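Read the structure below first, then the notes.
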Amino acid sequence: MGTYQVFSRETLSSFKTLAEQCRYLLSCKITTTKATHETKPAVLQARVGDFLLPVFCNGDEYQTIQKAVFWLKTQATNYLNAATRSQQGVN
């Protein structure tokens, strides 16, 4: 395992773009928490520190974390692609 940055909401909010925020979140440790207590298997939600990500998975911690990494990378890529199109004058 690599070394992770310590998550801070202040640091997260200091970044001006979604891509920068995603990159920061990816540098922090992603964990899971139970999203529901009634279902079996439990539905897990990805989180970074106390910051909940909108990523859910049925009972598999590793898969939930993998989905969170994919989601964050996708969000960053989509933001950068949209910014590039905007700079080029393409809608």
Side-chain angles (χ1 to χ4, degrees):
M1 288 259 156
T3 305
Y4 299 104
Q5 290 191 35
V6 175
F7 175 74
S8 161
R9 283 185 178 266
E10 292 79 24
T11 302
L12 179 64
S13 65
S14 73
F15 295 109
K16 297 187 181 355
T17 69
L18 177 63
E20 291 172 324
Q21 290 174 346
C22 289
R23 183 176 16 174
Y24 172 67
L25 289 170
L26 286 165
S27 72
C28 299
K29 186 172 184 174
I30 300 171
T31 60
T32 62
T33 189
K34 285 186 179 180
T36 60
H37 298 285
E38 304 297 322
T39 62
K40 302 276 189 221
V43 174
L44 299 178
Q45 183 173 8
R47 64 188 287 166
V48 176
D50 64 346
F51 186 76
L52 296 174
L53 301 173
V55 178
F56 301 87
C57 191
N58 288 331
D60 186 333
E61 184 175 20
Y62 179 77
Q63 186 177 9
T64 307
I65 293 169
Q66 292 294 69
K67 285 175 72 173
V69 169
F70 179 76
W71 182 81
L72 286 166
K73 287 181 177 182
T74 300
Q75 296 305 307
T77 300
N78 289 344
Y79 175 85
L80 292 172
N81 288 341
T84 300
R85 284 192 302 272
S86 177
Q87 288 176 351
Q88 295 172 346
V90 177
N91 290 332

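Bear in mind that the values here come from a model prediction, so they are computed numbers and not experimental data. Just so it is clear, the values below take in all heavy atoms, side chains as well, and ignore hydrogens, waters and symmetry mates.
Atom CZ of F70 sits in a sparse spot, with 12 or fewer heavy atoms from other residues, nucleotides or ligands closer than 6.0 Å.
Shown here for A35 and Q45, the closest heavy-atom pair between the two residues is CB-CB, 3.9 Å. The two residues A46 and T64 come nearest to each other via the heavy atoms N-CG2, 3.7 Å. Of all the heavy atoms in C28 and V48, the pair that sits closest is CB-CG1, 3.4 Å.
When hydrophobic clusters are built by joining Ile, Leu, Val, Met, Phe, Trp and Tyr residues whose side-chain heavy atoms come closer than 4.5 Å, directly or via intermediates, L72 is grouped together with V55. Cluster annotation: F56 and W71 are assigned to distinct hydrophobic clusters (Ile/Leu/Val/Met/Phe/Trp/Tyr, side-chain heavy-atom contacts under 4.5 Å, transitive). Using a 4.5 Å cut-off between side-chain heavy atoms of Ile, Leu, Val, Met, Phe, Trp and Tyr, with links allowed through other members, L80 and F15 fall into different hydrophobic clusters.
S86 places no side-chain N or O within 3.5 Å of a backbone atom of A82 that could act as its donor or acceptor partner. The main-chain N or O of S13 is never found under 3.5 Å from a side-chain atom of Q21 such that the two would form a donor-acceptor pair. The backbone N or O of T11 sits less than 3.5 Å from a side-chain atom of S14, completing a donor-acceptor pair.
At least one side-chain heavy atom of L12 sits less than 4.5 Å from a side-chain heavy atom of L25. Counting heavy atoms from C-beta on, the side chains of I30 and Y4 never come closer than 4.5 Å. Side-chain contact check for L53 versus R47: every heavy-atom pair is 4.5 Å or farther apart. For the pair D50 and R9, the minimum side-chain heavy-atom distance is below 4.5 Å.
Summarising the geometry, atom OG1 belonging to T32 is positioned 11.0 Å from atom CG belonging to L52; distances are rounded to the nearest 0.5 Å. Note: I65 CD1 to T31 OG1 = 7.0 Å, rounded to the nearest 0.5 Å. Once rounded to the nearest 0.5 Å, the distance linking NZ of K67 with OG1 of T74 reads 12.0 Å.
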message: Under the criterion side-chain hydrogen bond (donor to acceptor under 3.5 Å, both in side chains), I'd like the reasoning laid out for Y79 against Q75: C-alpha separation, chi angles, the key distance, then a yes or no.
response: CA-CA 6 Å; Y79 175 85; Q75 296 305 307; over 6 Å; no

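Under the rule for a salt bridge (charged side-chain N to carboxylate O under 4.0 Å, His left out), R23 has no partner lying at least two apart in sequence or in another chain.
In this structure, a donor-acceptor pair under 3.5 Å is absent between the side chains of Y24 and E20.
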